[in-house]
Protein chains: 2
Amino acid sequence: MLSEAVQDYLKSIYKLSHASQAGEMVTTSLIAERMQVSAASATNMIKKLAELRLLDHTPYQGVELTPTGVKMALEIVRHHRLLELYLRQSLGYDWDQVDAEADRLEHAISEDFEDRIDRALGFPTVGAHGEPIPSKEGDIAVHNYRRLADMAEGERCWIRQVSDRDPALLRYLDEHGLILGTEVEIRERAPFRGPLRIAIGVDREHHLGLEAAEQIYVEIAAA
Amino acid sequence: MLSEAVQDYLKSIYKLSHASQAGEMVTTSLIAERMQVSAASATNMIKKLAELRLLDHTPYQGVELTPTGVKMALEIVRHHRLLELYLRQSLGYDWDQVDAEADRLEHAISEDFEDRIDRALGFPTVGAHGEPIPSKEGDIAVHNYRRLADMAEGERCWIRQVSDRDPALLRYLDEHGLILGTEVEIRERAPFRGPLRIAIGVDREHHLGLEAAEQIYVEIAAA
DNA sequence: GAGCGAATTTAGCCATGACTAAATCCAATG
DNA sequence: CATTGGATTTAGTCATGGCTAAATTCGCTC
Ligand SMILES: [Mn+2]
Ligand SMILES: [Mn+2]
Ligand SMILES: [Mn+2]
Ligand SMILES: [Mn+2]
């Protein structure tokens, strides 16, 4: 069994590798920042993970998960996303509260527990914030969503996924009706990285900062 | 926050102190055996817990939880028993499977999670094996049950609580209908610590070993 | 009251995963 | 191509919670 710390590093590295460009290596400092530890601590753990053959480490360059490492990471991601959804659906959590709880539970549940909540949820493929849920076999769907922040004036789209990193942002989005499935139209893009004026659903309008819009992933509505 | 190890020691010491005679101290070797560690490791932890004012340690004699220690122990016990019940009621676990899962989850859930499953279960006062569930304030009911093993021939009783220590025993009891609420009559006590011949419910009879009967707690039916 | 044996504690060690401070590397700049 | 500053690694330390082996204590028996 992998320790809780190892599991959390793998999960973070997996996510970082998918946030960066394909082929790019994940750097020590990125890992350290994400894990909230010093760079020296990150280096320590990287050496251990390399020893365990969970990643390849090119000193001074960065790391890349091995197939085994990816598999282990996806196992944790699956636990996390199933748990988030379960907390939301079965225990009435708000979507900004589920991440913290799942971050701890993901290491504590058994495979049996995983299977039971999977069944209770009807074998979902998408999580509480729209992220794909890896299958038990380690496959994960690739969604080609675009960032709301990158949409052009006049375009319409549906919100399909939202970053779960910041609870405050999630509450803010919730208050303004910016939830999964909501239709959004870009009315106006202010210059100098200014806010987007958007139509939310049928009759709401909002000026949304670019910072927030970068955390929202959308599917473009057929023109 | 107390570490997982500290929490588990407190829980074990609490249970051991209630299994022994009132006023008796809990010994190092008992703790070591229950925690599956060496006696030296137990001594180490005892010194740390004494330092934390969670118990009083009389060297070479034993330990006794302080009021704070009891409070902390009951907090974990509450988590454990609520979780066991929730796993059983909401996720369909068998009663021999819940203990292991709860042993890990009990350290990972938040107070919010605790409150939510408490509500979902209708604020139960009795756990999956009949144990009293401590209140959020740290009160716990005292049940004056007797061991089935100590009943006399001819006496009738209801099964009210069962030890959750041994999953195999729980499966065995389940197979023979020896579950919570079942009425049992002692037909015959074999000599030399031999088995009890008992009537289970209306029309079942069984020869139950004393070892098993010692793990079953009953309420005597009015004669 | 001496001695014995079991329980307990002490001493010393190890793995894990943090940290700070110092050394080292490397890419960019002049 | 030498310099330099930021990123990375190394070195050394600490806390936690295990372990074994050795020393110590205590209750019991002779
Ligand atoms: Mn985590
Ligand atoms: Mn799993
Ligand atoms: Mn536990
Ligand atoms: Mn609690």
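In what follows, chains are A, B, ... by sequence order, proteins preceding strands, each numbered from 1. Quick caveat: nothing in here was measured; it's all calculated off a predicted structure.
If you measure from atom NZ of Lys47(B) to atom C1' of dT10(C), you get 7 Å, rounded to the nearest angstrom. Taking atom CD of Glu51(A) as the reference point, atom P of dT16(C) lies 11 Å away to the nearest angstrom. Computed from coordinates, the Leu30(A) CG to dA7(D) C1' distance equals 11 Å when rounded to whole Å. Atom CG in Leu49(B) sits roughly 12 Å away from atom P in dT16(D) (whole-Å rounding). Between Ile31(A) atom CD1 and dT9(D) atom C1' there is a gap of 14 Å when expressed in whole angstrom units. Atom CG of Leu2(A) and atom C1' of dA15(C) are 16 Å apart (whole Å). Rounded to whole angstrom, the span from the CD atom of Glu4(B) across to the C1' atom of dG18(D) amounts to 14 Å. Protein atom CG of Asp8(B) is 14 Å distant from nucleotide atom C1' of dG18(D), rounded to whole Å.
Closest of all the heavy-atom pairs between Pro124(B) and Asp118(B) is CD-OD1, 3.4 Å.
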Output, in order, the C-alpha distance, side-chain angles, deciding distance and verdict of side chain to side chain contact (heavy atoms under 4.5 Å, CB included) for Leu65(A) and Leu54(A).
-> CA-CA 6 Å; Leu65(A) 292 178; Leu54(A) 295 171; 5.5 Å; no
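The only option from His80(B), Glu4(B), Met1(B), His79(B) that meets the side chain to side chain contact (heavy atoms under 4.5 Å, CB included) definition with His107(B) turns out to be Glu4(B). Among Glu155(B), Glu214(B), Glu219(B), the single residue meeting the salt bridge (charged side-chain N to carboxylate O under 4.0 Å, His left out) criterion with Arg146(B) is Glu155(B).
Judged by closest nucleotide on DNA chain C, Thr58(B) is the one of Thr58(B) and Pro59(A) placed further toward the 5' end.
For dG17(C), the OP1/OP2 oxygens have a side-chain nitrogen or oxygen of Ser3(A) closer than 4.0 Å. Phosphate contact (OP1/OP2 of dA15(C), side-chain N/O of Lys48(A), threshold under 4.0 Å): absent. Contact check, His57(A) against dT9(D): a side-chain N or O comes under 4.0 Å of OP1 or OP2. For the OP1/OP2 pair of dT9(D) and a distance below 4.0 Å, the side-chain nitrogens and oxygens of Thr28(A) include at least one atom meeting the criterion.
Atom NZ of Lys71(A) sits in a sparse spot, with 12 or fewer heavy atoms from other residues, nucleotides or ligands closer than 6.0 Å.
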Quick test: give all pairs of protein nitrogen or oxygen and nucleotides 1-4 of chain D nitrogen or oxygen below 3.5 Å, distance rounded to 0.1 Å.
none

Please enumerate all protein N or O atoms sitting under 3.5 Å from an N or O of nucleotides 18-21 of chain C, with distances to 0.1 Å.
residue : atom : partner  : partner atom : Å
dA18(C) : OP2  : Tyr9(A)  : OH           : 3.1
dC19(C) : OP2  : Ser38(A) : N            : 2.8
dC19(C) : OP2  : Ser38(A) : OG           : 3.0
dC19(C) : OP2  : Ser41(A) : OG           : 2.4

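A tilted orientation is assigned to the rings of Phe113(A) and Tyr93(B), their planes being inclined by 30° to 60°.
Electrostatic pairing of Asp150(A) and Arg147(A) counts as a salt bridge here, judged by a charged N lying under 4.0 Å from a carboxylate O. Between Asp103(B) and Lys11(B), at least one side-chain nitrogen of the basic residue sits less than 4.0 Å from a carboxylate oxygen of the acidic one, meeting the salt-bridge criterion. Salt-bridge check for Arg116(B) with Asp112(B): passed, with a basic side-chain N closer than 4.0 Å to an acidic carboxylate O.
Within the 4.0 angstrom heavy-atom criterion, only backbone atoms of the sugar-phosphate kind lie near Ser29(B); the bases stay farther away.
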